[in-house]
Amino acid sequence: MGELKRISIVVPVYNEAENIAHFARSVAAVMEPLPYAYELLFVDDGSRDRTREILMELGAADEHVQSIFLARNSGHQIALTCGIDHADGDAVITMDGDMQHPPELLPELIGKWEEGFDIVQTVRLTTEGASLFKRLTSKYYYRLLNLLANVEIQEGGSDFRLMDRKAVLALRRYREHARFIRGIVGAMGFRKTQVEFVAQERFAGRSKFSLHKMISFALDGILAYSVQPLRAAFYVGVLSAFFAVALFLHVLFETLRGETVPGWSTIVVCCAFFGGMQMMMLGICGEYIARVLQEVKNRPLYLIAQDNRRNPTENRIAAEGREV
Ligand code: UDP
Ligand code: MG
């Protein structure tokens with residue numbers, strides 16, 4: 001038998017002091033019997049409670065437990081990115097540390113990976129104890145997102161997933177700041193499959209996503225994957241141009257009948273015409289901004305799933321001028 005394959009489990013945590021010990025025990029109970037080497041990599045997202053101390057204790061007691069401490073609270077998606085950047089497993093699993101992503105699902109994710117899938121995405125069917133508000137906003141948000149964005153983003157998709165190392169290397173090449181990781185992974189390609197689950201209630205504590213954080217996350221999702229809002233000005237402009245022409249005909253008609261106040265025709269037609277022109281120009285600017293946005297994000301142009309040349313040269317990094 002060769003060396004065991006390595007699994008990295010990446011867990012961003014923010015003020016989860018009451019959860020992590022229980023979570024780490026549950027993960028260990030599931031992972032220990034499996035024939036894999038594994039690391040449980042916590043990324044402490046600038047917690048202000050006892051999370052740090054507890055992670056140090058857990059690490060001292062169990063060599064599987066590793067942690068990285070961020071200097072400040074940088075948000076779930078950034079903490080997740082840090083973990084993905086530093087995980088060295090053959091497969092990397094990302095999950096939350098509050099027991100809402102059940103550790104019992106880990107063997108199933110790994111099983112799918114062994115079947116040959118590069119990305120095993122979980123889909124949350126329902127969340128036990130979730131408020132009506134959270135359920136409805138989540139549902140309609142994904143509808144809106146799919147309507148606006150040209151990439152399919154799974155309703156109920158979460159950041160609980162397994163990625164093969166090659167998908168991880170691909171994901172690491174996306175360095176955009178406003179990150180919506182489920183969108184990036186959704187658009188990445190590779191061999192994908194899904195596993196469904198029912199999210200449990202949080203083991204302890206409250207959600208770390210304030211309404212403010214949720215709204216900015218939701219905006220990131222739309223703005224990172226859609227330039228439709230920018231394009232809207234152009235369509236409105238075209239519509240108002242049509243409106244201006246119709247209005248012009250109407251004004252012409254009224255003027256010929258001689259039933260207008262002097263000056264009225266010019267003002268009305270000018271307003272409609274220039275309003276339409278401004279909207280259209282805004283739309284054109286929007287198109288440029290959309291392209292600037294795309295270039296600034298500097299996403300990789302392509303991702304290679306497999307290099308099947310006889311003598312693959314290692315020029316991938318040199319060609320792109322940056323580390324993966
Ligand atoms: N989290 C984080 N940084 C933050 C907010 C949350 O690392 O700024 C972590 C949190 O500790 C948890 C995961 O991200 O492990 C998901 O957060 P939470 O459970 O609060 O979100 P919800 O399940 O309510 O959507
Ligand atoms: Mg949670």
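Each ligand, and each atom within it, is numbered from 1 in the order the structure gives. Just so it is clear, the model here is predicted, and its values are computed rather than measured.
Applying the 4.0 Å criterion to heavy atoms of Q100 picks out, from ligand 1, the atoms 19 (O), 22 (P), 23 (O). Numbered from 1 in the order shown, with element, the atoms of ligand 1 that lie under 4.0 Å from a heavy atom of E16 read 10 (C), 11 (O), 12 (C), 15 (O). Taking every non-hydrogen atom of K134 and a distance limit under 4.0 Å, the qualifying atoms of ligand 1 come out as 22 (P), 24 (O), 25 (O).
Taking only nitrogen or oxygen atoms, main chain and side chain alike, A79 does not reach within less than 3.5 Å of ligand 1. Ligand 1 has no N or O atom lying under 3.5 Å from any N or O atom of R206, backbone or side chain.
Partners of R72 by side-chain contact (heavy atoms from CB on, under 4.5 Å), not counting sequence neighbours, listed by chain and number: S74.
In N15, neither the side chain nor the backbone holds a heavy atom less than 4.0 Å from any atom of ligand 1. Residue contacts with ligand 1 for R202 involve side-chain atoms from C-beta outward but no N, CA, C or O (heavy atoms, distance under 4.0 Å).
Outside the 6.0 Å centre-distance limit, the rings of F273 and F248 are not counted as a close aromatic pair. Proximity of the aromatic rings of H76 and F217 is defined here by a centroid distance below 6.0 angstrom, and this criterion is not met.
Note on the Mg ion (ligand 2): protein N, O or S atoms under 2.8 Å away count 2, no waters included.
Counting only residues at least two apart or on different chains, the side-chain hydrogen bond (donor to acceptor under 3.5 Å, both in side chains) pairs with a member in residues 9-19 are Y14-R48, E16-N19, E16-R202. Among residue pairs with one or both ends in residues 234-253, none qualify as side-chain hydrogen bond (donor to acceptor under 3.5 Å, both in side chains); sequence neighbours excluded.
With Y174 as the aromatic partner, R299 does not meet the cation-pi criteria of under 6.0 angstrom to the ring centre and within 45 degrees of the ring axis. At least one cation-pi condition fails for R6 and Y36: the charged atom is not both under 6.0 angstrom from the six-membered ring centre and inside a 45 degree cone around its axis.
When all heavy atoms of E196 and L125 are compared, the pair lying nearest together is CD-CD2, 3.8 Å.
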